[in-house]
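Everything below concerns the one structure shown next.
Chain letters run A, B, ... following the sequence lines, proteins first, then strands; residues in each count from 1. Here the structure is a predicted model, which is why all the values come from computation and not from measurement.
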Amino acid sequence: MIAGLEALRLWRSRRPLVALLALLCFLVLMLVGFWTYAESRTKGAAQFEYTYENRSYFNGLTFALYAFYFGFVLLLPIFAAIEGGAQIAGDSGGGALTLLLTRPLSKTRLFFVKAGLAALFSLLLTGMFLAVALLIGLCAVGWGPLRLYPGVLQMTDTPQFLKRGEALMRFALAWPAAGLALLAPLAFSLWISSWAKSAVNAVGTAVALYLVLHVIAEVHFFEDLRPWLFTSHTTYWRGLFAERIDLREMARHAAALVGFTALFLALAFRRFRRREET
Amino acid sequence: MVALVEVKRLSKRFGARAALTDVSFAVAPGEIVALVGANGSGKSTLLRLMAGLLRPSAGTVSVLGHEPFTQREEVMRDARFAFAPPSLFDSLTAREQLVRLTASPSRSVDSALATVGLAERADDRVRTYSFGMRQRLAIAQALLPPPRLLVLDEPSEGLDPAGVRELRALLLRLRAECGVAIVLASHLSSEVESLADRVVVLDSGRVVFAGSVAELRAGGERLVLGVAAMSAARTALASAGIVATPRGSTELLLQPPVPDLTEMQALLSQAGVELLSYHVETPSLEEALLARAARATP
């Protein structure tokens, strides 16, 4: 009963539509950005020839990977935070939580239905984003092998080359891997949400803290601190685009993310159980 | 008879502010109890404690034999709550809301919607509803499935006069046919008077009265004297320490405790004031409530 009700409420909330439209706009802007960048580098002969990192061959797969990387770091966590904020604080502010809690429904079940639904939504959004990025890359740029070079985006430490079929397989693997990585910021936002009384406060706080943690994770100066931040592990899926995947390193990051997710969920659940609805 | 609701020495604090202090009362099966009090007197806090949405700071609440905050699920199996303003899922239709939230068969849902007069708008999104319609839907969801205890916060708010009358008839029918006990928080003295077996009056988070409507009114009875010379009569009564409040140009009101009538007649006669009439007046419920609140104010 409750899972169906919550799924219908999520669908009718328009949050999925808004998220998809925002991601689509982002991809179009990325496309324009790459185009104008290439144009300026080729003195008017617009070719998708140059990337940020190297004067390497640029194609639809490169576009999809870069777009997904930027989207994953900057956009998807915001939508995860919005979902986490809406699930508890948003429902509390709107009175929906009061309505749900005045039915014979355990807080445990309600919490895990909400968390599960938010996780499923994030996973689907990640998959849709990746699929649309690939589709736009194919239609607007065209596909070929994936070449990556060391650069500011830290996609790789050494030049990498993946044939098209192999690269597409890696994209397919990147979906669940990135989906797993997004669970940590989602659980983090649920935890913040379990303390907040309004969705705006929950989302604002979660996004602000995520950005701070993300910046700290990216600054080498904080080397000793980085392993203790979930944001240091979230882009581990980039390792899938290496010619030889370092499975041990991937598993280490994945385990850390699972640990962070479990911790944040446990904290959120504890707070949710004790929470009062005034 | 085992009480369905038992509140003992219940207190609730929000930080330094005491919302409820030492509140005790009980609700028996089939009984209708009205919680009455000014805004901020603690009625809604009390209802939320009964629903397990808040945790008591001190004292205990038992609803249907369970402690609501820790055993909320058990409480909600046989108790329904409708808070003010009504909380609803705006993006759903009324029918979707009732079917999915209450897990009731569609026949029961249709019947509940018809009972509250929403059958024709059952498939419209709740966000298009007026306040009164939202209130009706909140009442419909509180009826599904039929509870043993119904707790309503300001149920008549937003309803038109016909809706108010229908609601009162419905609540009385539920009690008569199904033995449902009802706790309602209300500002409307007419509602309290027509429905409640007992009244619990709250003032600043404390119970200042608990008893029947008749008992509440009885405490506020006063003597009304009809006199020809108002000023002289007040002076004569004041000389004996009796405070009389003028009402109109020929009536004086004497609040309880009412002094001996013969003594007053003698006083007035000595002052040359003719006593034209006298009678004992029972206050309206509203006046009795105000008097209770005034008495409770330090």
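Both the backbone and the side chain of B:T102 come within less than 4.5 Å of a heavy atom of chain A. In this structure, no portion of B:P147 lies under 4.5 Å from any heavy atom of chain A. Of the two parts of B:R48, only the side chain, counted from C-beta on, holds a non-hydrogen atom closer than 4.5 Å to a non-hydrogen atom of chain A. B:R72 touches chain A through its side chain: at least one heavy atom from C-beta onward sits under 4.5 Å away, while N, CA, C and O do not. Both the backbone and the side chain of B:F89 come within contact range of chain A, with heavy atoms under 4.5 Å apart.
In this structure, A:S92 OG and B:L53 CG are separated by 10.0 Å, a value rounded to the nearest 0.5 Å.
Within a 6.0 Å radius of NZ in B:K8, other residues, nucleotides and ligands contribute 12 heavy atoms or fewer. Counting heavy-atom neighbours within 6.0 Å of B:R95 CZ, excluding the residue itself, gives a total above 12. Counted within 6.0 Å of CZ on B:R127, heavy atoms from surrounding residues, nucleotides or ligands total more than 12; the atom is thus considered enclosed.
Across B:L92 and A:R12, no two heavy atoms sit closer than the pair CA-NH1, 3.8 Å. Closest heavy-atom contact between A:G95 and B:S87: O-CB, 3.1 Å.
Residues of residues 257-267 of chain A having a heavy atom under 4.5 Å from any heavy atom of chain B: none. Contacts from residues 97-108 of chain A to chain B, taken as heavy-atom pairs separated by less than 4.5 Å, involve A:T98, A:L99, A:L100, A:L101, A:T102, A:R103, A:P104, A:L105, A:S106, A:K107 in sequence order. When the heavy atoms of residues 271-278 of chain A are compared with those of chain B, the residues falling under 4.5 Å are A:R273, A:R274, A:R275, A:E276, A:E277, A:T278, listed by number.
Applying the salt bridge (charged side-chain N to carboxylate O under 4.0 Å, His left out) criterion to B:E74, with sequence neighbours excluded, gives no partner residue.
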